[in-house]
> 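Sharing a structure here in structure tokens format.
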Amino acid sequence: MAVALMALALGASAQTLRWAGAGDPQTLDPHSQNESLTNVVNGQIYERLTNRDARLALVPGLASDWKQTGPLSWRFKLRPGVKFHDGTPLTADDVVFSVQRAKEPSSQIANYANAVGTPRRVDDLTVDFQLATFDPVFLQHIDQLWIMSRKWCEAHRALKPLDFKNKEEGFAALNANGTGPFMLVSRQPGIKTVLRRNPNWWGRFQGNVQEVVFTPIASDATRLAALVSGEVDFVHDPAPRDVARLRNTAGVKIIDGPENRLVFIGMDQARDRLLYANVPGNRNPFKDVRVRRALYQAIDIEALRSKLMSGLSIPTGGLTPSGNASFDDAALQSRLPYDLTMARKLMQEAGFADGFEVTLDCPNNRYINDEQICVALAAMWAQLKVRVKVNAMPRVLYFPKLEKLDTSLYMYGWGGSVTDAETALTPLYRKRGDKGVGDYNFGNFRNDRADALAAQSSVEPDPAKRETEIRGALAALREQVNVIPLHRQVIPWAARTQVTPVHRPDNWLELAWVQINR
């Protein structure tokens, strides 16, 4: 790593951004993996029909304008003159192809692609979308869909998204051809990813970055030292314990703000016998709501916030990334009280007074203090005689494991630019089905009342009725404790003082907005 950092320092120029993070992008196939860092890196190369401004409002992207032409139809006009990085012009054929590609079973954004209906080419620069049912958040779904070149995918046998969970390899994993502000120079997984400015981009650069070198540095201490010494310019995930020190370190600044992201604990509620546990009678304790509630009420969330997260978290009992999605309703945001006496009583009532053994799967380079949170939870649950083995691993191994439902107890996070409840309810909390529904319900639970209300809210045209349905679905999920919410993250970024990025609530770094003044 020292050699790599020295190379970064020697290769630095006034307009090269040297960016480091604990993890690494998972793949360059933009439909294959829906993970934040992966999306951020891919999002500099690939673009969508719509875009987001600094406050997350929807603005034109590859589409210059759009309109709803009927209750079940939309029309998008593409920008003229847009070209992919290989010089191929963007046309309606590419949009139709990309949406259909994103619907494939191996796509991790199939839920969004299926929600926007059937795309149809009208002419080279016009695409119509015909929906089977009303979609109250159609534009939010469109905003999740990356546009690829049909000709490029055909030439490189990349017609379908790579099956990430089964480790499928292909050309699109290490190569890219988008329309975005930056072009891929090289990709070395686990070592570095290099991008350079696209001189033919249709958009307007607000920053002056010409080249980007992203280097994964797993060690918090090494990442911090590289920033302080000036070997890297920007770190998007400094350890919370280091933030106070960095605020008072010469040459470094902290840019922070709350993130639209919920971190929670999920449990296998489907199997009769857990895969990774030792339970008296070979039962699945997570099928009992009393056990789920007991684990919840044994969590000292304030201790996590103040001692482990150094205040960089907002404890919540809500089930959506943003409080706006649950109408900022205290009844839907409040936590069950920390109450060990009640938790022990619930365990006894459920027949688990002597506890059980279980493995808690956890990433160690994805969320803020992810492994440390899991270790702290294990200590708290030990007070219920639940003996927890923490199985921590890098995100590149972690996400495929969850996608195969190869888990009994796990940590997960969900967030992004959308503040509506739909993009949490359908992929995260509904029972697993087809077309992306329930794809991220890794606990494989089934809450029939919540599912019915969530399904109706997905197609409800009446805003008042839809609000009632969303409230009912969230209340039903809370009642059954299908997941255990922990907190919403407060995201600190750390940068050299000469580097000015724009901090968005979805933790998105837009490289075209970054200014460097060396």
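Along the sequence shown, residues are numbered consecutively beginning with 1.
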> Table please: side-chain donor-acceptor pairs of residues 433-442 below 3.5 Å, with sequence neighbours left out.
| residue | atom | partner | partner atom | Å |
| --- | --- | --- | --- | --- |
| Tyr440 | OH | Gln108 | O | 2.7 |
| Tyr440 | OH | Gln108 | OE1 | 2.9 |
| Asn441 | OD1 | Asn444 | N | 2.9 |
| Asn441 | OD1 | Phe445 | N | 3.3 |
| Asn441 | ND2 | Arg430 | O | 3.0 |
| Asn441 | ND2 | Phe445 | O | 3.0 |

> I'd like to know if the side chain of Arg48 and the backbone of Asp143 have a donor-acceptor N/O pair within less than 3.5 Å.
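Between the backbone of Asp143 and the side chain of Arg48 there is a qualifying donor-acceptor contact (under 3.5 Å).
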
> Does Asn364 offer a backbone N or O that forms a donor-acceptor pair with the side chain of Tyr398 under 3.5 Å?
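Not at all, since once roles are kept as given, no pair shorter than 3.5 Å links the two residues.
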
> So, are Asp94 and Arg150 salt-bridged, with charged N and O less than 4.0 Å apart?
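Between Arg150 and Asp94 there is no salt bridge, as every charged N stays at least 4.0 Å from the carboxylate O atoms.
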
> Should Glu35 and Arg366 count as an ion pair when the cut-off is N to O under 4.0 Å?
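Yes, charged N to carboxylate O under 4.0 Å.
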
> For residues 409-423, which residue pairs qualify under salt bridge (charged side-chain N to carboxylate O under 4.0 Å, His left out), counting only residues two or more places apart or in two chains?
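Residue pairs with at least one partner in residues 409-423: Asp420-Arg466.
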
> Do Thr426 and Asn111 have side-chain N/O donor and acceptor atoms under 3.5 Å apart?
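The criterion, which ignores hydrogens and geometry beyond distance, is not satisfied for Asn111 and Thr426.
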
> Do Asp135 and His141 have side-chain N/O donor and acceptor atoms under 3.5 Å apart?
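Yes, a side-chain donor-acceptor pair sits under 3.5 Å.
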
> Check whether any side-chain N or O of Arg335 sits under 3.5 Å from a backbone N or O of Thr316 as a donor-acceptor pair, and report yes or no.
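A pair under 3.5 Å: yes.
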
> Is Lys67 close to Trp74 at the side-chain level, that is, under 4.5 Å between some pair of heavy atoms?
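No, their side chains stay 4.5 Å or more apart.
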
> When you compare the side chain of Pro492 with that of Ile368, does any pair of heavy atoms fall below 4.5 Å?
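In contact.
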
> Do Tyr112 and Gln140 come close enough that some side-chain heavy atom pair is under 4.5 Å?
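No, side chains not in contact.
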
> Any chance you could lay out the side-chain contact (heavy atoms from CB on, under 4.5 Å) test for Thr126 and Lys77, step after step, and finish with the verdict?
CA-CA 5 Å; Thr126 309; Lys77 297 295 291 185; 2.6 Å; yes

> Would you say the side-chain atoms of Arg79 and Ser64 include a donor-acceptor pair closer than 3.5 Å?
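Looking only at side-chain atoms, Ser64 and Arg79 do not form any donor-acceptor pair under 3.5 Å.
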
> Thinking salt bridges, do Asp29 and Arg101 make one under a 4.0 Å N-O criterion?
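Yes, this pair counts.
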
> Would you confirm whether Asp128, through its side chain, and Arg120, through its main-chain N or O, come within 3.5 Å as a donor-acceptor pair?
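Between the backbone of Arg120 and the side chain of Asp128 there is no qualifying donor-acceptor contact (under 3.5 Å).
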
> Would you give the length of the straight line joining atom NE2 of His236 to atom CG of Asn507, rounded to the nearest 0.5 angstrom?
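Here the interatomic distance stands at 7.0 Å.
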
> Once you round to the nearest 0.5 Å, how far does CD of Gln33 lie from CG of Asp163?
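Answer rounded to 0.5 Å: 10.5 Å.
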
> Would a 4.5 Å heavy-atom cut-off, applied to side chains only, mark Leu28 and Asn42 as touching?
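Answer yes - side chains close enough.
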
> Any donor and acceptor pair, going by atom type alone, linking the side chain of Arg187 with main-chain N or O of Thr193 inside 3.5 Å?
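Checked: no pair found.
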
> Is any side-chain heavy atom of Leu56 less than 4.5 Å from a side-chain heavy atom of Trp508?
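Side-chain contact under 4.5 Å: no.
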
> Could you tell me the separation between the CZ atom of Phe129 and the CD atom of Gln68, rounded to the nearest 0.5 Å?
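Spacing of CZ (Phe129) from CD (Gln68) equals 13.0 Å.
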
> Under 3.5 Å, side chain of Ser322 to main-chain N/O of Asn260, donor-acceptor pair present?
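Looks like no, no N/O pair under 3.5 Å.
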
> Hydrogens and angles aside, do Tyr276 and Asp406 bring a side-chain donor and acceptor to less than 3.5 Å of each other?
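Tyr276 vs Asp406: donor-acceptor pair found between side chains.
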
> Is a side-chain donor or acceptor of Gln26 paired with a backbone partner of Asp24 at a separation under 3.5 angstrom?
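Checked: pair present.
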
> Charged N to carboxylate O under 4.0 angstrom, Asp451 versus Arg446?
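No, no charged N to carboxylate O under 4.0 Å.
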
> Apply ring pair (Phe, Tyr, Trp, His ring centres under 6.0 Å) to the pair Phe171 and Trp152, showing each step before the final yes or no.
CA-CA 10 Å; Phe171 190 80; Trp152 185 83; 5.6 Å; yes

> Do we see a donor-acceptor contact under 3.5 Å between the side chains of Ser36 and Arg395?
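Distance-only check fails for Ser36 and Arg395.
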
> Just by distance, with hydrogens left out, do Thr118 and Gln130 show a side-chain donor and acceptor under 3.5 Å apart?
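Thr118 vs Gln130: no donor-acceptor pair found between side chains.
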
> Can you run down the ring-ring contact (aromatic ring centres under 6.0 Å, His included) pairs that involve residues 51-70, sequence neighbours left out, and say none if there aren't any?
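Every pair satisfying ring-ring contact (aromatic ring centres under 6.0 Å, His included) with a residue in residues 51-70: Trp66-Phe76.
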
> Does the pair Val122 and Arg75 meet the rule for a side-chain contact (heavy atoms from CB on, under 4.5 Å), with working shown?
CA-CA 9 Å; Val122 177; Arg75 171 162 291 186; 3.8 Å; yes

> Do side-chain atoms of Arg478 reach the backbone of Ala331 as a donor and acceptor pair under 3.5 angstrom?
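Pair found, side chain donor or acceptor close to backbone of Ala331.
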
> For residues His31 and Glu104, determine if any side-chain heavy atom of one lies less than 4.5 Å from a side-chain heavy atom of the other.
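Counting from C-beta outward, His31 and Glu104 never come under 4.5 Å.
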
> Are Asn39 and Asn34 side-chain neighbours, meaning at least one heavy-atom pair lies under 4.5 Å?
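With C-beta onward as the side chain, the pair touches.
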
> Is a side-chain N or O of Asp370 found less than 3.5 angstrom from the main chain of Asn365, in a donor-acceptor match?
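Yes, because the side chain of Asp370 sits within donor-acceptor range (under 3.5 Å) of the backbone of Asn365.
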
> Run the salt-bridge test on Arg121 and Asp124 with the 4.0 Å N-O cut-off and return the result as yes or no.
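Looking at Arg121 and Asp124, the cut-off is met.
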
